[in-house]
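Residue numbering restarts at 1 for every chain, and letters A, B, ... go by the order of the sequence lines.
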Amino acid sequence: MPELPEVETVRRGLREWAVGRRLSGVDVHHPRAVRRHAAGPEDFAAALVGRTFTEVRRRGKYLWLPLDSGDAMIGHLGMSGQFRVLPEEAPDGPHLRVRFRFAEGPQLRFLDQRTFGGLAVSRGGADLPAEIAHIAPDPFEPGFDADRCVAALRRRRTEVKRALLDQTVVSGVGNIYADEALWRAGLHGARPADALTGPAAHRLLGHVVDVLGEAIAQGGTSFDALYVDVNGESGYFDRALHVYGREGAPCDRCGASIRRESFMNRSSFSCPRCQPRPRGRG
DNA sequence: CTGCACCCCTGTAGGC
DNA sequence: TGCCTACAGGGGTGCA
């Protein structure tokens with residue numbers, strides 16, 4: 001479940017099901033799932049067994065679970081990663097990558113169809129793992145500074161959608177929520193970020209925060225079974241999407257037919273009337 | 001600093 | 001039925 005609202009949904013599930021439980025065994029079923037753990041799968045497991053998850057934290061799309069050792073397990077879901085809480089007798093399935101066993105109670109499993117996601121143990125990373133420090137704060141962190149974020153956004157000499165997707169400007173925004181925020185702001189994603197006025201950039205960031213917050217409240221966006229919470233349940237925010245995946249459907253604001261454009265080798269959805277394409281530099 | 005090409009993978013949908 | 005391509009919510013790297 002890739003973007004911030006989906007990762008936050010997973011974080012909440014992990015907080016409920018993983019915190020305070022002592023690990024009795026960790027089985028790496030696919031080494032690629034721990035490729036970012038340089039010391040290898042055995043070291044990964046050894047750093048976890050016997051330890052207890054004390055908390056579940058998140059920055060943007062990254063999760064980390066501090067341990068009572070002072071280390072932390074880092075997780076990124078990539079495109080198709082899932083954490084699932086399942087009883088021991090549940091079948092493994094084809095996408096099981098890492099199994100976490102506890103002294104008692106259900107297992108925690110990391111599943112990942114495409115294996116773009118991954119786990120690692122960060123030594124001494126309980127507070128903020130060094131591996132995540134290059135990512136900007138996300139809008140829901142106490143340390144988030146909106147003025148600073150807007151300044152970073154307007155400093156980028158690139159298109160505004162690219163800037164929104166840049167995790168060093170603001171973390172947690174992906175393709176869906178970038179398109180939704182741009183629609184709400186009435187801006188085409190190809191507008192130059194450095195041509196936005198301060199108030200316009202603040203308004204855009206406000207829409208980013210709004211759409212992410214509303215999506216969290218709905219448990220995220222689930223188009224299919226790949227994007228589910230730790231109990232396998234889907235979120236409902238897909239019903240509230242205004243542009244993403246709605247090519248040809250009428251704009252909820254003006255009725256014009258939603259268009260789809262190729263951008264950064266991905267699809268971008270927008271309203272041709274509410275979000276006119278910029279001409280030249282702006 | 002920036003854009004760009006390309007890499008990492010599996011699975012599905014659609015055209016032929 | 002098969003075969004092919006395009007596409008999917010992620011990030012990272014190397015190069016110009």
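- Rounding to whole angstrom units, CG of residue A:Leu226 and P of C:dG9 are separated by 12 Å.
- In this view, A:Arg84 and A:Gln82, A:Leu86, A:Leu111, A:Val228 satisfy the side chain to side chain contact (heavy atoms under 4.5 Å, CB included) rule, not counting sequence neighbours.
- A:Asp224 comes within 4.0 angstrom of a base, heavy atoms only.
- Note on A:Tyr62: only backbone sugar-phosphate atoms sit closer than 4.0 angstrom, heavy atoms only; bases stay farther off.
- Rounded to whole angstrom, the span from the CD atom of A:Glu6 across to the P atom of C:dG11 amounts to 12 Å.
- Through direct or indirect side-chain contacts shorter than 4.5 Å among Ile, Leu, Val, Met, Phe, Trp and Tyr, A:Ile132 is connected to A:Tyr62, A:Trp64, A:Ile74, A:Leu128, A:Ile135.
- Take A:Phe100 and apply the ring-ring contact (aromatic ring centres under 6.0 Å, His included) test, not counting sequence neighbours, and it matches no residue.
- The side chain to side chain contact (heavy atoms under 4.5 Å, CB included) check on A:Arg277 picks up A:His188, A:Ala190, A:Glu261, with sequence neighbours excluded.
- The backbone N or O of A:Gly174 sits less than 3.5 Å from a side-chain atom of A:Glu3, completing a donor-acceptor pair.
- For the pair A:Glu16 (side chain) and A:Gly13 (backbone), a donor-acceptor distance under 3.5 Å is absent.
- Put simply, CD on A:Gln82 is 15 Å from C1' on C:dA8, counting in whole angstrom units.
- Contacts classified as side-chain hydrogen bond (donor to acceptor under 3.5 Å, both in side chains) and involving residues 196-213 of chain A (residues at least two apart or in different chains) are given here: A:Asp147-A:His202.
- Atoms CZ (A:Phe223) and C1' (C:dA8) sit 10 Å apart, rounded to a whole Å.
- As rounded to whole Å, 14 Å separates atom P of C:dG9 from atom CD of A:Gln167.
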Distances for protein N/O vs nucleotides 13-16 of chain C N/O pairs under 3.5 angstrom?
none

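- Taking atom P in both B:dA5 and C:dA6, one finds a spacing of 15 Å when rounded to whole Å.
- Following rounding to the nearest Å, A:Tyr244 (OH) and C:dC7 (C1') show an atom-to-atom distance of 10 Å.
- Under the ring-ring contact (aromatic ring centres under 6.0 Å, His included) criterion, no residue pair touches residues 117-150 of chain A, with sequence neighbours excluded.
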| For every nucleotide of nucleotides 4-10 of chain B, 5' to 3': is a protein heavy atom under 4.0 Å from its base (B), only from its sugar-phosphate (S), or from neither (-)? | S---BBB
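- Within a 6.0 Å radius of CG in A:Asn265, no more than 12 heavy atoms belonging to other residues, nucleotides or ligands are found.
- As a whole-Å value, the separation of A:Met264 CE from B:dT2 P is 13 Å.
- The list of side-chain hydrogen bond (donor to acceptor under 3.5 Å, both in side chains) pairs with a residue in residues 244-258 of chain A, not counting sequence neighbours, reads A:His242-A:Asp252.
- For A:Ala256, the side chain to side chain contact (heavy atoms under 4.5 Å, CB included) partners are A:Cys254, A:Cys271, A:Pro272, A:Arg273, not counting sequence neighbours.
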| request: Both distances under 3.5 Å, Watson-Crick or G-U wobble: on that basis, could you give the dot-bracket string for DNA chain B, with [ ] for crossing pairs and | for other-strand partners? | output: .|||||||.|||||||
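- Here the separation of B:dC6 from C:dT5, taken at their P atoms, is 16 Å to the nearest Å.
- Among the atoms of the strands shown, none is found under 4.0 Å from any heavy atom of A:Tyr177.
- Mapping A:Gly174 and A:Arg260 onto DNA chain C by nearest heavy atom places A:Arg260 at the nucleotide closer to the 5' end.
- Rounded to a whole Å, the CZ atom of A:Arg36 is 11 Å from the C1' atom of C:dG10.
- Comparing B:dC9 with C:dG2, their C1' atoms sit 23 Å apart, to the nearest whole Å.
- Residues passing the side chain to side chain contact (heavy atoms under 4.5 Å, CB included) test with A:Arg155, sequence neighbours excluded: A:Ala151, A:Ala152.
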